[in-house]
Amino acid sequence: MRLHPLLAGLPLALGLSACTTAGPLPGTPEFAAARVSRAYDCGLRVDRGRIVGHMRKDERHRFALANAAFAVKSYKAPRACDAAERASVQRDVAALARR
């Protein structure tokens, strides 16, 4: 049985598309750490204590590890944020603090 040439490359294309997702998944401590780090990059105030206070003990540890890694990356290569990104990050951080 011979496959159509386009179908033969389908598994490879699907595998590569999975590799293009940028950043941690929403709802994870790593996502929270990434958003907190980005908020600092954007010059926003962040209530880390409140955000961490809503997490379970195991999530707090994961958050701390991820936050440290993001802080190092941010320090080495800070990026500016435009108004749209700043508003998006501000909404995310506010939602994390209410969670």
Side-chain angles (χ1 to χ4, degrees):
M1 181 168 132
R2 194 175 148 121
L3 288 176
H4 188 276
L6 292 177
L7 292 177
L10 186 60
L12 177 63
L14 290 174
L16 289 175
S17 69
C19 294
T20 60
T21 57
L25 296 173
T28 63
E30 293 79 12
F31 176 80
R35 298 316 278 171
V36 165
S37 178
R38 194 64 190 133
Y40 285 125
D41 289 346
C42 293
L44 298 170
R45 287 183 46 126
V46 178
D47 188 351
R48 283 181 45 130
R50 191 169 191 167
I51 292 170
V52 172
H54 292 290
M55 295 180 180
R56 296 186 319 259
K57 186 176 180 178
D58 63 317
E59 289 179 331
R60 290 177 187 164
H61 180 69
R62 288 172 47 198
F63 174 86
L65 292 174
N67 195 283
F70 285 118
V72 169
K73 289 178 187 175
S74 178
Y75 178 76
K76 288 183 177 180
R79 298 181 320 167
C81 344
D82 62 9
E85 182 183 15
R86 183 181 169 91
S88 171
V89 170
Q90 192 168 24
R91 278 191 306 274
D92 289 346
V93 170
L96 289 167
R98 287 190 305 266
R99 181 177 121 164

(message) Can you give me the closest heavy-atom contact between Phe31 and Pro26, atom names plus distance?
(response) CG-CA, 3.6 Å
(message) How close do Leu96 and His54 get, counting heavy atoms only, and between which atoms?
(response) O-CD2, 3.9 Å
(request) Measure the CD-OG distance between Glu30 and Ser37 for me, rounded to the nearest 0.5 Å. (result) 13.5 Å
(request) Supply the atom-to-atom distance Glu85 CD to Arg38 CZ, rounded to the nearest 0.5 angstrom. (result) 4.0 Å
(request) Could you pull out the closest heavy-atom pair between Asn67 and Ala33, with the gap in Å? (result) N-CB, 3.6 Å
(request) Can you measure from CZ (Arg60) to CD1 (Ile51) and round to the nearest 0.5 angstrom? (result) 13.0 Å
(message) Tell me if a side-chain donor or acceptor on Arg86 pairs with a main-chain N or O of Cys81 at a distance below 3.5 Å.
(response) no
(request) Might you point out which heavy atoms bring Pro29 and Phe63 nearest each other, and give the distance in Å? (result) O-CD1, 3.6 Å
(message) Could you work out, with side chain to side chain contact (heavy atoms under 4.5 Å, CB included) as the rule, every residue matching Arg56, not counting sequence neighbours?
(response) Asp58, Glu59
(request) Taking the side chain as every heavy atom from C-beta outward, state whether Val93 and Leu44 have any pair of such atoms under 4.5 Å apart. (result) no
(request) Please tell me if the side chains of Arg35 and Val46 come closer than 4.5 Å, counting only heavy atoms from C-beta onward. (result) no
